[in-house]
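Single-structure report; data block below.
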Amino acid sequence: MARGWTKWQRLGVVALAGGALLVAACGGNDSSGGPSSGNDFGAAAREAPAAAPADETGDPSNLAPDGGESLEQPQVQDRKIVRTATLELQVENVLEAVQQIDDVAAAAGGFVSASNVFVDSDQNSEDQAGRTQTASVTVRVPADAYSAVMSQLRGIARDTVSETSDASEVTEEYTDLQARQRNLAATEARYIELLNKAATIDEILTVQDRLNQVRLEIEQVTGRINVLNNLTDFATITARLSLPPAIARGGDNQNWAEEAWQASWETSKDAMVALGTVAIVSGVLLAWLAVPALVLFAIWRLFGRRITEFARGQAAGQPAAKSE
């Protein structure tokens, strides 16, 4: 019995030792597994390409390769701006100013899109001072030369009466039109594929009708894009020209003799107008009095002698009647 019990004790000790070794082995595997998995994640992170840092605008292209900011490559945004301006200028000579504006526009790479010149002559004066000259000239110049051309036009004028400028941005509309154009082009390509696969006449006609509608929309969008390109690439400037008020009225070119002569001439004209008015009124009154005058004259010719004799008889008979 003692030997049997001792044998079982040895088996128990061996079992406990084996269990302890087994637990220790499992614990070692678990503790070593953590660093191992961390090393694998670090290796994967090192193998993955590093993401390019972004600046405050969120665009990584504005940063240098070493991670610092690059000042040599600023952000460029294609903005579409329609520029228009209207100038009211007073010039010494309207026709010469029109030619100067044409030269300025041509030198800047632009052109004159509209030009109107008006000359109104005074009927009472034949000299240059008595003529009123005005003009309206519209030029189209490249957008980058807009400011320079405006300065040159101000230099042509003797005085700038008013100036109005406007800048409207159409970038959003232009971007939307480009996106719509791309979508329509993709739709057109799909319809062309369907048209090539169509087997019946009905299918061909249906696809062709849809294709025609898409192409019409593409033409409309393309036309609007071309208009916006033209409006944004070239600025529109309208210059309205006129003579200074002093020159338009004749200025101070007249001396005292001319002024006296003009005043006397105006006075004489007023006097002639007054005399003519009196003559006309007198003639009208005589015309109205002519009829009764003719009637009285006819009565006198017929009954004048009798009336005279009757009047004499009455004058002679009165004293005789008194004496009786």
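The residues of the chain are indexed from 1 along the displayed sequence. Keep in mind the model is a prediction, meaning the values are calculated, not measured.
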Stepwise side-chain contact (heavy atoms from CB on, under 4.5 Å) check, Glu96 with Val91 | CA-CA 9 Å; Glu96 292 181 0; Val91 296; over 6 Å; no
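- Smallest separation of non-hydrogen atoms from Gln181 and Thr222: NE2-OG1, 3.0 Å.
- Side-chain atoms of Asn229 come within 3.5 Å of backbone atoms of Ile225 as a donor-acceptor pair (strictly under, hydrogens ignored).
- Evaluation of the salt bridge (charged side-chain N to carboxylate O under 4.0 Å, His left out) test over residues 267-280, restricted to residues two or more places apart or in two chains, returns Glu266-Lys269.
- Using a 4.5 Å cut-off between side-chain heavy atoms of Ile, Leu, Val, Met, Phe, Trp and Tyr, Val161 forms no hydrophobic cluster with any other residue.
- Around the CD1 atom of Ile201, the shell of radius 6.0 Å holds no more than 12 heavy atoms that belong to other residues, nucleotides or ligands.
- You'll find the side chain of Thr238 stays beyond 4.5 Å of the side chain of Leu87, heavy atoms only.
- The side-chain contact (heavy atoms from CB on, under 4.5 Å) check on Ala135 picks up Val94, Val98, Val117, Leu241, with sequence neighbours excluded.
- For Gln208, the side chain to side chain donor-acceptor pair (under 3.5 Å) test picks out Asn212, with sequence neighbours left out.
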Let me have the donor-acceptor pairs involving side chains of residues 99-113, under 3.5 Å, with sequence neighbours excluded, atom names and distances please.
from: Gln99; atom 1: NE2; to: Asp103; atom 2: OD1; distance (Å): 3.2
from: Ser113; atom 1: OG; to: Thr138; atom 2: O; distance (Å): 3.2

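- Partners of Asn196 according to the side-chain contact (heavy atoms from CB on, under 4.5 Å) rule, which considers only residues two or more places apart in sequence or in another chain, are Ile192.
- By the criterion of side-chain heavy atoms lying less than 4.5 angstrom apart, applied directly or through intervening Ile, Leu, Val, Met, Phe, Trp or Tyr residues, Tyr174 is not grouped with Phe234; the two fall into different hydrophobic clusters.
- For residues 82-91, every residue pair satisfying the salt bridge (charged side-chain N to carboxylate O under 4.0 Å, His left out) rule, not counting sequence neighbours, is listed here: Glu88-Arg240.
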Contacts under 3.5 angstrom, residues 143-157 side chains, donor-acceptor by atom type, not counting sequence neighbours:
from: Ser151; atom 1: OG; to: Ser147; atom 2: O; distance (Å): 3.2
from: Arg154; atom 1: NE; to: Glu163; atom 2: OE1; distance (Å): 2.9
from: Arg154; atom 1: NH2; to: Glu163; atom 2: OE2; distance (Å): 2.8

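- In the hydrophobic clustering of this structure, Val141 does not group with Val82; members are Ile, Leu, Val, Met, Phe, Trp, Tyr whose side-chain heavy atoms approach within less than 4.5 Å, directly or through other members.
- Leu216 and Leu211 are not part of a single hydrophobic cluster, where members link through side-chain heavy atoms under 4.5 Å apart.
- For Arg224, the side-chain contact (heavy atoms from CB on, under 4.5 Å) partners are Glu173, Leu177, Val227, Leu228, not counting sequence neighbours.
- Sorted by first then second residue, the salt bridge (charged side-chain N to carboxylate O under 4.0 Å, His left out) pairs that include residues 194-207, not counting sequence neighbours, number zero.
- Residues passing the side-chain contact (heavy atoms from CB on, under 4.5 Å) test with Thr175, sequence neighbours excluded: Thr171.
- Applying the salt bridge (charged side-chain N to carboxylate O under 4.0 Å, His left out) test to every pair with at least one member in residues 179-188, sequence neighbours left out, gives these pairs: Glu188-Arg215.
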